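Some notes on the structure that comes next.
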Protein chains: 2
Amino acid sequence: MARQVKIKDIAQMAGVSVGTVDRVLHNRGNVSAKSLKAVEEVLSEVGYRYNIHTSAISLRKEYKIAIAIPTAIKGEYWGAIQDGITHAINEYSDVRLNCLFSFYNQFDIYSCRSSFDGIISQQPDAVIIGPTFRSETKKLCAELDSNRIPYVFVDAVIEGTSPIASYSTDQYACGYLLGRLLRTFTPADSEYAIMSSQRIGNERSSNSLERKKGFKDYFRSAGLEEKIKETSFSVLDPQESEKKILDFIRENPGIHGMAIMNSRGYILSEILSKNNIRDISLVSFDLTLNNTRGIRDGSISAILCQRPELQGFHALKSVIRRLLYNQEEETVHHIMPIDIIVRENLPYYREFFEM
Amino acid sequence: MARQVKIKDIAQMAGVSVGTVDRVLHNRGNVSAKSLKAVEEVLSEVGYRYNIHTSAISLRKEYKIAIAIPTAIKGEYWGAIQDGITHAINEYSDVRLNCLFSFYNQFDIYSCRSSFDGIISQQPDAVIIGPTFRSETKKLCAELDSNRIPYVFVDAVIEGTSPIASYSTDQYACGYLLGRLLRTFTPADSEYAIMSSQRIGNERSSNSLERKKGFKDYFRSAGLEEKIKETSFSVLDPQESEKKILDFIRENPGIHGMAIMNSRGYILSEILSKNNIRDISLVSFDLTLNNTRGIRDGSISAILCQRPELQGFHALKSVIRRLLYNQEEETVHHIMPIDIIVRENLPYYREFFEM
DNA sequence: GTTAATTTTGTGTTCGTACACGGAAAATGC
DNA sequence: GCATTTTCCGTGTACGAACACAAAATTAAC
């Protein structure tokens with residue numbers, strides 16, 4: 001364990017005082033060209049790293065961190081992201097953080113807009129963004145950029161922005177994998193259905209679209225693209241949906257596999273269970289409480305999951321590292337692993353994230 | 001963010017000095033019954049937590065941590081565990097740690113014994129153990145218990161010991177899941193083979209045995225137990241092995257699925273590729289470099305993985321928490337998730353752990 | 001009751017970084 | 001060249017917990 005280099009050591013090596021080194025490290029200015037050069041030379045030689053502990057305790061300032069994500073419901077996707085963030089807040093409870101959660105309705109652009117406007121007026125030191133609406137997010141990021149406020153994305157990345165980090169998934173790969181899985185779960189001559197859930201506002205989630213593309217491409221590459229049907233059902237009118245879905249199944253008896261490109265798989269699984277339909281495999285996304293139930297009772301064959309807790313956890317960790325270490329690192333885009341969850345490995349997927 | 005209570009606050013509330021509170025918190029003794037009571041009352045009221053940062057920097061002592069695990073090879077299972085530990089060491093580089101790695105040959109009990117003897121004589125403050133030989137491990141743990149040295153298990157737990165934490169997998173569940181997967185990858189009337197890899201010393205790894213049990217139980221529950229054959233091959237004599245395996249396949253043309261209960265899947269995958277055998281699905285364990293290759297080129301259908309990096313990472317983290325927070329927590333047994341890795345989600349499984 | 005031994009307690013210093021403050025040096029104005 | 005501003009730089013204190021040390025209070029010894 002090599003002894004860590006301290007500010008004092010650097011000061012000595014550069015022939016200046018600790019105050020000067022501090023000024024250089026934090027870009028506080030008021031340093032002569034000569035001293036600056038001396039210090040920077042030493043720094044590049046020895047590879048100094050802040051002692052995060054001392055940094056944390058001697059910091060007078062309280063960091064204000066704004067978190068702008070869709071409404072987080074316990075046991076659902078954004079709830080898990082929030083859990084991860086909360087977990088990190090606790091883990092770093094010794095860093096003075098003031099975290100302001102600001103939830104918006106992911107199906108309502110006005111709600112998003114007003115939430116994002118609020119962020120700016122809070123004057124935070126950093127922001128964690130769960131983006132849904134592209135233009136709103138871009139506007140927010142532009143504003144943050146011009147105020148030099150760092151931000152991190154969770155769940156997705158909006159192009160044309162410059163976050164310090166992002167945590168997201170390759171949704172196309174998710175869809176492709178989902179196709180592959182669904183096929184292995186079904187008989188050789190099966191037909192398949194993509195079930196879209198609809199809502200007022202007609203989200204057109206780009207995540208779902210990407211997934212669908214990957215899914216179809218898998219079947220295309222297997223020469224089975226004509227085996228895929230598509231239909232939709234409404235989240236808001238369960239009875240109507242049930243009828244529609246049952247009709248659809250009756251009209252397409254060749255279908256033994258269904259894919260849902262968001263976390264609503266459990267809705268279908270409940271309908272199939274209730275009507276005692278056992279020859280259709282379901283695959284869907286996100287380890288929500290409802291889907292967990294479906295996996296457990298066998299009505300859902302597999303769920304793909306993108307570690308939302310871990311995303312939230314690391315997002316806050318990135319922010320802390322940036323604020324404390326204050327280093328001008330370049331953007332790091334983290335692509336999360338795609339976990340495949342089936343009945344047999346479900347029980348072990350609750351506890352862990354971080355790390 | 002509630003303001004953290006500080007030792008000074010507690011001292012004030014209990015009407016004593018910070019020194020006394022410190023003595024109570026660390027069981028240093030020399031505290032009168034009256035003061036003790038006063039402090040403990042305040043403590044139970046306010047729920048004090050150490051500030052880990054200040055704890056870390058003001059600690060004069062350097063903690064000596066011994067790590068006794070099987071020889072870690074880069075890109076293999078124990079290498080990944082070591083990577084996780086190293087990662088945690090870096091993450092906590094501000095805590096004064098002196099980590100002593102002590103590797104042993106997991107196929108040689110004498111090597112293990114001498115390594116473990118060395119541990120005791122090092123007088124460490126805590127130990128991370130990757131157990132292989134039950135009796136040797138028990139002996140080591142008994143010794144550590146009597147010296148009140150805390151220890152953590154990675155990879156497996158040895159019963160009859162009292163670690164502060166353990167990180168392991170439900171190997172039976174792994175085997176069961178492996179069976180389920182292998183079946184979905186193969187045609188309906190297929191036969192299956194369990195391929196055991198042999199070595200001098202004849203390890204009889206209890207992990208493999210548990211996995212095999214789960215695997216067989218899956219097929220039993222599916223009413224297919226008579227479809228399973230078993231054979232073995234030698235790791236040390238590749239040519240002989242290849243011949244043996246090819247003969248076995250020739251004699252059992254009904255076999256379309258093979259399971260290897262340890263990380264040696266790649267050996268089989270190479271033999272099958274080389275001989276252009278394409279109608280046999282392989283499943284195995286551990287995301288080693290070799291297996292990664294097999295997954296990528298399609299010669300291995302799936303790998304189950306138990307997050308070795310995460311195990312190592314958390315093991316060290318547990319130790320640090322124990323040493324710094326000094327709290328008498330009870331044993332926590334962590335069961336790792338079982339990740340299913342196939343070609344489509346492989347690319348995203350390298351970066352993340354900890355978490 | 002006095003002295004010595006022991007227990008109990010408070011104070012002060014340390015860790016490495018952040019940052020305020022005031023003094024020294026350099027630059028500017030006239 | 002002198003006064004004034006501006007830039008630059010070093011020192012000192014704070015952060016919160018750990019621990020050394022010495023002072024104070026208690027107990028033991030005679």
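Please read these numbers as outputs of a predicted model, since none were measured by experiment.
Every side-chain contact (heavy atoms from CB on, under 4.5 Å) that A:Ala11 has, sequence neighbours left out, goes to A:Val18, A:Val21. Not counting sequence neighbours, A:Ser58 has no partner by the side-chain contact (heavy atoms from CB on, under 4.5 Å) test. Listed by chain and residue number, A:Thr86 satisfy the side-chain contact (heavy atoms from CB on, under 4.5 Å) test with A:Asn90 (two or more places apart in sequence, or in another chain). A:Asp125 meets the side-chain hydrogen bond (donor to acceptor under 3.5 Å, both in side chains) test with A:Lys61; sequence neighbours excluded. When the side-chain contact (heavy atoms from CB on, under 4.5 Å) test is applied to A:Arg113, the partners found at least two apart in sequence or on another chain are A:Ile109, A:Tyr110, A:Asp117, A:Glu136, A:Lys139. Here A:Tyr63 pairs with nothing under the side-chain hydrogen bond (donor to acceptor under 3.5 Å, both in side chains) rule; sequence neighbours left out.
For the segment residues 8-19 of chain B, the set of residues with a heavy atom within less than 4.0 Å of an atom of DNA chain D is empty.
Look at NZ on A:Lys6: it is 4 Å from P on C:dG16, rounded to the nearest Å. In this structure, the CG atom of B:Leu25 is 7 Å from the P atom of D:dA18, given to the nearest Å. In this structure, A:Leu323 atom CG and C:dA18 atom C1' are separated by 15 Å, rounded to whole Å. The NZ atom of A:Lys34 sits 12 Å away from the P atom of C:dA25 (whole-angstrom rounding). The distance between atom NE2 of A:His26 and atom P of C:dA18, rounded to the nearest whole Å, is 4 Å.
Each salt bridge (charged side-chain N to carboxylate O under 4.0 Å, His left out) pair with one or both residues in residues 31-40 of chain A, not counting sequence neighbours, appears once here: A:Lys37-A:Glu41. Sorted by first then second residue, the salt bridge (charged side-chain N to carboxylate O under 4.0 Å, His left out) pairs that include residues 9-29 of chain B, not counting sequence neighbours, are B:Asp22-B:Arg28.
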Taking only nitrogen or oxygen atoms into account, show me every contact under 3.5 Å that the protein makes with nucleotides 27-29 of chain D, one pair per line with its distance.
none

Atom pairs under 3.5 Å, N or O on each side, protein against nucleotides 4-8 of chain D: can you list them with distances?
none

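Rounded to 10°, the helix from C:dG1-D:dC30 to C:dC30-D:dG1 has 40° between the axis fitted to its first five pairs and the one fitted to its last five.
Note on B:Thr54: every side-chain N or O is 4.0 Å or more away from OP1 and OP2 of D:dA18. Between B:Tyr48 and D:dG16 there is no side-chain polar atom (N or O) within less than 4.0 angstrom of OP1 or OP2.
Side-chain polar atoms of A:Tyr151 and A:Thr161 form no donor-acceptor pair below 3.5 angstrom.
Each of B:Thr137, B:Val157, B:Ile69, B:Leu140 was evaluated against B:Pro131; a single residue qualifies, B:Thr137, per the side-chain contact (heavy atoms from CB on, under 4.5 Å) test.
Comparing B:Arg28 and A:Thr20 by the nucleotide of DNA chain D whose heavy atom lies nearest to each, the residue mapping closer to the 5' end is A:Thr20.
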